[in-house]
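I have placed the structure first, in the form of structure tokens, so that the comments after it can refer back to it.
Predicted model, so just to flag it, every value in this text is computed and none were measured. For the numbers below, each heavy atom of this structure counts, side chains included, while hydrogens, waters and symmetry mates do not. In what follows, every chain begins at residue 1, and chains take the letters A, B, ... in the order their sequences are listed.
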Amino acid sequence: MGTDISDIVVSHETSLKDQGNQTFSIDTYNILYQLLSNVRQYDGMPLMDSHGNVTSHLYGIFYRTINLLENKIRPVYVFDGKPSPLKNRTISERQLMKEKAKVELEEAIERGEEDLRQYYSRINYITPQIVNDTKKLLDYMGIPYVDAPSEGEAQASYMTRKNVDGVISQDYDCLLFGARKVLRNFAIYGRRKVPRKNIYKTVYPEYIILDEVLSANQINQDQLIGIGILVGTDFNEGIKGIGAKKALALIKKEGDIKAVLRRIGKDIENLDEIIDFFKNPPVVDYDFRFGKPDTDAIEHFLCDEHDFSRERIRDHLESLKKNNQASTQFRLDSFD
DNA sequence: CCTTTTAA
DNA sequence: TTAAAAGGG
């Protein structure tokens, strides 16, 4: 997923607290996939209410949002819109992976394997209902969100040029879309599963400043986009055998991606369109505002409709009320 | 993933 | 008091 340019990215360890008093746009689909694949029971099934609706995402969004607010971070959730046709290959590839995972799951069940989490976790669908539930919860919590015309990452990145301080996302693509600052690993509990294995390692929240990445590597934004494309993005496959470091060296030597491709005698389909998509993606201007949380509505939605524990939710509603106050205040301060 | 409970 | 395990919906 995304583009792997981690080897040339300069990142700084941080904490939620250190990033307080800022507003961040959130690549919501990125978070939703994370939640759907990780918030699971021991047998691998997601959390579900008594009607069989998946609730893992509601659980995650509720608690994570409150964590952010408690650390004085103001989140603005950004949802994906219509994917670009450039992404078709990636989308069908992911579909294929899920079909494969389904078959492997069936086989594991037949073998009588107990821990099915690694199989289930690869079969996640963000359904319209999941999106609508998430938006409903955010509305009740008084947290703003925006529907991107196309890529959520692009919209969230664009917002860092306007009225937010950074993007919360795991994907480096945000840097190609020009995000001034990217925040990764913004989970409170830095436990991350090593892919395919049942091992957890600790990861720490980190931030990346685009200008620093550019100056440290002595490149410009166009060259960074070129490096991303050489390595591979959601919109193209990338050149086999070229990782971030090799791409960086080539781009610096040849000047730009077209010269690099001429030199190595390779071609990238739709190159001009892809470059243009990173530089001028479809985005909208959006004035967000924080509202007062409707605690009754949250309680009804989570507890009555989706079987959350009333006691636990009530405990956290107090914190939400208190900490969203600060966000509401921020709006008054900055616009009046 | 995040919180709560339990074991150390 | 802290870390690991279990539970959550």
Side-chain angles (χ1 to χ4, degrees), chain A residues 1 14-17 19 24 26-73 75 77 114-127 129-134 136-138 140-141 143 168-171 183-206 293 297-324:
Chain A
M1 192 140 179
T14 184
S15 65
L16 297 211
K17 202 157 170 257
Q19 299 298 320
F24 296 139
I26 298 188
D27 179 4
T28 311
Y29 273 50
N30 193 279
I31 303 278
L32 287 178
Y33 273 116
Q34 229 169 284
L35 292 172
L36 290 171
S37 62
N38 290 318
V39 182
R40 284 170 185 272
Q41 310 171 79
Y42 274 109
D43 60 2
M45 295 292 277
L47 299 186
M48 283 184 291
D49 63 23
S50 54
H51 311 288
N53 299 307
V54 172
T55 51
S56 294
H57 58 298
L58 295 176
Y59 188 97
I61 295 284
F62 180 73
Y63 285 111
R64 184 181 303 228
T65 302
I66 288 175
N67 283 158
L68 293 173
L69 292 171
E70 282 173 348
N71 286 283
K72 312 286 174 238
I73 290 171
Y77 285 82
E114 275 187 20
D115 186 0
L116 299 172
R117 271 176 299 179
Q118 60 156 320
Y119 301 101
Y120 275 113
S121 69
R122 286 187 282 151
I123 314 170
N124 298 307
Y125 297 97
I126 296 183
T127 62
Q129 163 146 24
I130 284 175
V131 171
N132 290 337
D133 280 351
T134 305
K136 209 184 249 188
L137 179 60
L138 292 173
Y140 294 152
M141 292 177 81
I143 304 297
I168 293 178
S169 175
Q170 291 302 107
D171 273 349
L183 302 117
R184 303 183 73 245
N185 304 333
F186 257 54
I188 280 285
Y189 229 72
R191 264 164 31 109
R192 165 138 319 210
K193 223 173 97 127
V194 185
R196 309 187 142 267
K197 287 183 190 151
N198 227 341
I199 304 164
Y200 289 86
K201 65 171 185 176
T202 310
V203 288
Y204 299 96
E206 62 184 34
I298 296 170
E299 197 178 314
H300 181 260
F301 180 61
L302 291 181
C303 305
D304 297 331
E305 288 185 41
H306 293 294
D307 301 336
F308 281 69
S309 149
R310 200 170 297 277
E311 199 187 357
R312 289 185 175 190
I313 295 300
R314 276 189 180 161
D315 280 352
H316 291 275
L317 287 178
E318 283 312 308
S319 161
L320 174 64
K321 263 196 290 195
K322 189 176 127 224
N323 290 298
N324 204 0

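One interatomic measurement links the two molecules: CG of A:Leu302 to P of B:dC2, which rounds to 16 Å at whole-angstrom precision. Distance CD (A:Gln34) to P (B:dC2): 8 Å, rounded to an integer number of Å. In this structure, CD1 of A:Ile66 is placed 11 Å from P of B:dT4, rounded to the nearest angstrom. When rounded to the nearest whole Å, the span between CZ of A:Phe186 and C1' of B:dC2 equals 17 Å. Regarding A:Arg117, its CZ atom lies at a distance of 12 Å from the C1' atom of C:dG7, rounded to whole Å.
Side-chain contact between A:Leu137 and A:Thr65 is absent, with no heavy atoms from C-beta onward closer than 4.5 Å.
Remark: the A:Asp49 side chain and the A:Thr55 side chain contain no N/O donor-acceptor pair separated by less than 3.5 Å.
By the salt bridge (Lys or Arg N to Asp or Glu O under 4.0 Å) test, A:Arg312 pairs with no residue at all, sequence neighbours left out. Residues passing the salt bridge (Lys or Arg N to Asp or Glu O under 4.0 Å) test with A:Glu318, sequence neighbours excluded: A:Lys321. Every residue was checked against the salt bridge (Lys or Arg N to Asp or Glu O under 4.0 Å) condition with A:Lys17, not counting sequence neighbours, and none meets it.
If you check residues 306-319 of chain A against DNA chain B, the residues with a heavy atom closer than 4.0 Å are A:Arg312, A:His316, listed by number. Residues of residues 41-51 of chain A having a heavy atom closer than 4.0 Å to DNA chain C, listed by number: A:Gln41, A:Tyr42, A:Pro46, A:Leu47, A:Met48. The stretch residues 55-65 of chain A touches DNA chain B through A:Tyr59, A:Tyr63, A:Arg64, each having a heavy atom within less than 4.0 Å of the strand.
Remark: A:Asn324 CG to A:Ser319 OG distance equals 10.0 Å, nearest 0.5 Å.
Closest approach of A:Ser50 and A:Asp307 over heavy atoms only: N-OD2, 2.5 Å.
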Worksheet item: Where do A:Asn53 and A:Asp133 land on the side chain to side chain contact (heavy atoms under 4.5 Å, CB included) test, with the steps shown first?
Response: CA-CA 10 Å; A:Asn53 299 307; A:Asp133 280 351; 5.6 Å; no

Fill in: side chain to side chain contact (heavy atoms under 4.5 Å, CB included) assessment of A:Glu299 paired with A:Phe308
CA-CA 9 Å; A:Glu299 197 178 314; A:Phe308 281 69; over 6 Å; no

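A:Glu206 places no side-chain N or O within donor-acceptor distance of the main-chain N or O of A:Thr14, the cut-off being under 3.5 Å. With hydrogens and angles ignored, the 3.5 Å screen pairs no side-chain donor or acceptor of A:Asn30 with any backbone N or O of A:Ser169.
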